[in-house]
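These numbers come from a predicted model, not from an experiment.
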Amino acid sequence: MKYEKSALTFEEQADKLLARGLEAEKAELVARLQAVSYYRLSGYLYPFRKSNSERFKAGTHLYQVWERYCFDRRLRVLLLDAIERIEVSIRTKLVYHFTHAHGPFGYLHDANLPKLKIGAYLEWRLALQEETSRSKEAFKTHFFKKYGEEHKSLPLWMLAELMSMGSTLTLLKGISPDLKRKVASEYGYPDELILSWLLSLNAARNLCAHHARLWNRVMGYPPKLPSPNKYPSWHSSPKPPNDRIGLIILICRSLLTQISPTSRWKERVESLFEEYPNIPICHMGLTPNWNEHPVWKA
């Protein structure tokens, strides 16, 4: 089927939404569309549509839709803050244990990343070279000016400051099981669980970085849950499903408790939810008493 829709003016977009039953002052609606785009706002409008229809349910008002948009935007900021702290902490522990085992340039030898196939290893090394080449950091310039005749690559503790989260994940996947356990033990969880969580956090981070919707999204890379025998608190009620952002919020809380025990992140999240009491958090996999979960309260 050929796509034949033509571009509409902001006024025409507003008229279309008003004709479908959205309640709003046209001037305000046009201003919102100019700020965030029709297509972006439609993700928050979709739950208000009647079944099998493009028309909106009776009583659907722009302020309800905009409230969800604003809540979601602020939630992304909070999640980016948490994921940054978690990423930096795990990368720090990973580099620490790896360099103590293999030295600052040990990553240049594929044998030290035995869990990566040679193709994946070479692809990872190429990504690191590109990240190094793009960098304008003063420490990179200084290192090659001073040591460039002897070394063509940065020591890992410098290189880590240029790594993407994806490159960090590849390094974690590739190291020996013994080193993985040492890194994971810093957080009190099994290594396969930490890896699963990082994959999920990376997916959430990418959504946040691209300003994508979190509130009613089914998440990619659903994280694993800890064993109910060893970690029963994770299986207490209300337990969020693993394909919604609610569980990601819980994971961030658990890791930040160990990484930054004096952080006010928990209170900032609770404050956001209190400020927006009309947001249907069931779409996030959360129940009204979600903050009574023992992992959140720990």
Side-chain angles (χ1 to χ4, degrees), residues 1-84 87 134 136 164-166 200-221 243-246 248-249 252 265 267-286:
M1 179 185 296
K2 186 178 179 180
Y3 189 84
E4 296 182 337
K5 293 183 180 180
S6 58
L8 302 177
T9 65
F10 291 118
E11 289 75 13
E12 289 171 334
Q13 295 170 20
D15 288 337
K16 177 181 280 192
L17 293 174
L18 293 170
R20 290 176 177 175
L22 178 65
E23 297 178 11
E25 293 292 332
K26 184 175 177 179
E28 182 186 3
L29 179 54
V30 169
R32 299 304 189 196
L33 292 169
Q34 289 174 330
V36 303
S37 88
Y38 179 98
Y39 198 75
R40 183 173 180 78
L41 197 62
S42 65
Y44 300 89
L45 278 162
Y46 188 84
F48 291 99
R49 289 169 60 170
K50 294 179 180 179
S51 180
N52 300 317
S53 172
E54 291 188 337
R55 290 193 58 81
F56 300 113
K57 299 171 185 175
T60 300
H61 198 284
L62 176 61
Y63 79 82
Q64 298 169 292
V65 182
W66 193 249
E67 186 177 53
R68 296 181 187 188
Y69 177 83
C70 293
F71 169 84
D72 201 43
R73 179 177 57 80
R74 290 175 59 184
L75 179 63
R76 287 195 298 272
V77 173
L78 284 170
L79 273 179
L80 275 175
D81 178 34
I83 293 170
E84 177 199 346
E87 178 188 358
R134 288 194 301 267
K136 305 296 184 183
S164 66
M165 193 170 182
S200 300
L201 290 174
N202 188 41
R205 176 192 174 280
N206 289 340
L207 289 171
C208 294
H210 291 90
H211 323 299
R213 193 180 68 258
L214 296 176
W215 159 66
N216 63 343
R217 179 183 294 274
V218 175
M219 303 296 292
Y221 296 100
D243 63 348
R244 297 285 175 163
I245 199 64
I248 299 294
I249 294 172
C252 288
W265 187 82
E267 288 75 13
R268 289 161 59 205
V269 172
E270 290 177 341
S271 177
L272 176 64
F273 277 76
E274 289 168 5
E275 188 176 341
Y276 290 89
N278 297 321
I279 300 297
I281 61 175
C282 58
H283 295 298
M284 303 169 67
L286 297 174

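Using a 4.5 Å heavy-atom threshold, the side chains of N206 and M165 count as separate. The shortest side-chain heavy-atom distance between L201 and E87 does not fall under the 4.5 Å cut-off. Proximity of R244 to V218: side-chain heavy atoms (C-beta onward) are separated by under 4.5 Å at one or more points. The side-chain heavy atoms of M219 and L207, taken from C-beta on, include a pair separated by under 4.5 Å.
Counting only distance, with no hydrogens or angles, the side chain of S53 and the backbone of K50 share no donor-acceptor pair below 3.5 Å. The backbone N or O of E12 sits less than 3.5 Å from a side-chain atom of T9, completing a donor-acceptor pair. No donor-acceptor pair under 3.5 Å is formed between the side chain of E84 and the backbone N or O of D81. With T60 contributing its side chain and L22 its backbone, the two residues share no donor-acceptor pair below 3.5 Å.
Shown here for P47 and N216, the closest heavy-atom pair between the two residues is CG-ND2, 3.5 Å. Residues G220 and A203 approach most closely at O-CB, 4.2 Å, considering heavy atoms. Contact record, A204 with I83: CB-CD1, 4.1 Å, taken as the closest heavy-atom pair. When every heavy atom of L18 is checked against every heavy atom of A24, the shortest pair comes out as CD2-O, 3.7 Å. Of all heavy-atom pairs spanning W265 and L78, the tightest one is NE1-O, 2.8 Å. Here the shortest heavy-atom pairing between L286 and G246 reads CD2-CA, 3.7 Å.
From L272, atom CG reaches atom CZ of F71 across 5.0 Å, with rounding to the nearest 0.5 Å. Considering CD of Q64 and CD1 of I279, their distance stands at 10.0 Å, rounded to 0.5 Å. Taking CZ of R213 as the start and CG of L41 as the end, the distance is 11.0 Å to the nearest 0.5 Å. Atoms CD1 and CG, on I249 and L75 in that order, are 5.0 Å from each other to the nearest 0.5 Å. Note that the CG atom of L29 and the CD atom of E11 stand 10.0 Å from one another [nearest 0.5 Å]. How far NE2 of H61 is from CD of E25: 7.0 Å, rounded to the nearest 0.5 Å.
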Step-by-step ring pair (Phe, Tyr, Trp, His ring centres under 6.0 Å) determination, W66 to Y63: CA-CA 5 Å; W66 193 249; Y63 79 82; over 10 Å; no

Residues F10, Y38; criterion ring pair (Phe, Tyr, Trp, His ring centres under 6.0 Å); working and verdict: CA-CA 8 Å; F10 291 118; Y38 179 98; over 10 Å; no

Step-by-step side chain to side chain contact (heavy atoms under 4.5 Å, CB included) determination, L62 to E23: CA-CA 6 Å; L62 176 61; E23 297 178 11; over 6 Å; no

Candidate pair R49 and E54, rule side chain to side chain contact (heavy atoms under 4.5 Å, CB included), full reasoning: CA-CA 6 Å; R49 289 169 60 170; E54 291 188 337; 3.5 Å; yes

Derivation of the side chain to side chain contact (heavy atoms under 4.5 Å, CB included) call for Q13 and Y39: CA-CA 10 Å; Q13 295 170 20; Y39 198 75; over 6 Å; no

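When the shell of 6.0 Å around CD of E270 is examined, it contains more than 12 heavy atoms from other residues, nucleotides or ligands. In H211, the NE2 atom is not crowded: 12 or fewer heavy atoms of neighbouring residues, nucleotides or ligands sit closer than 6.0 Å.
H283 and W215 have perpendicular rings, their planes meeting at more than 60° on a 0 to 90° scale where under 30° would count as parallel.
Between E275 and R74 there is a salt bridge, since a side-chain N of the basic residue sits under 4.0 Å from a carboxylate O of the acidic one. Between R32 and E28 there is a salt bridge, since a side-chain N of the basic residue sits under 4.0 Å from a carboxylate O of the acidic one.
Between F56 and F48, a ring centre-to-centre spacing not shorter than 6.0 Å is recorded.
A donor and an acceptor atom, one from each side chain of R68 and Y276, are nowhere located under 3.5 Å apart.
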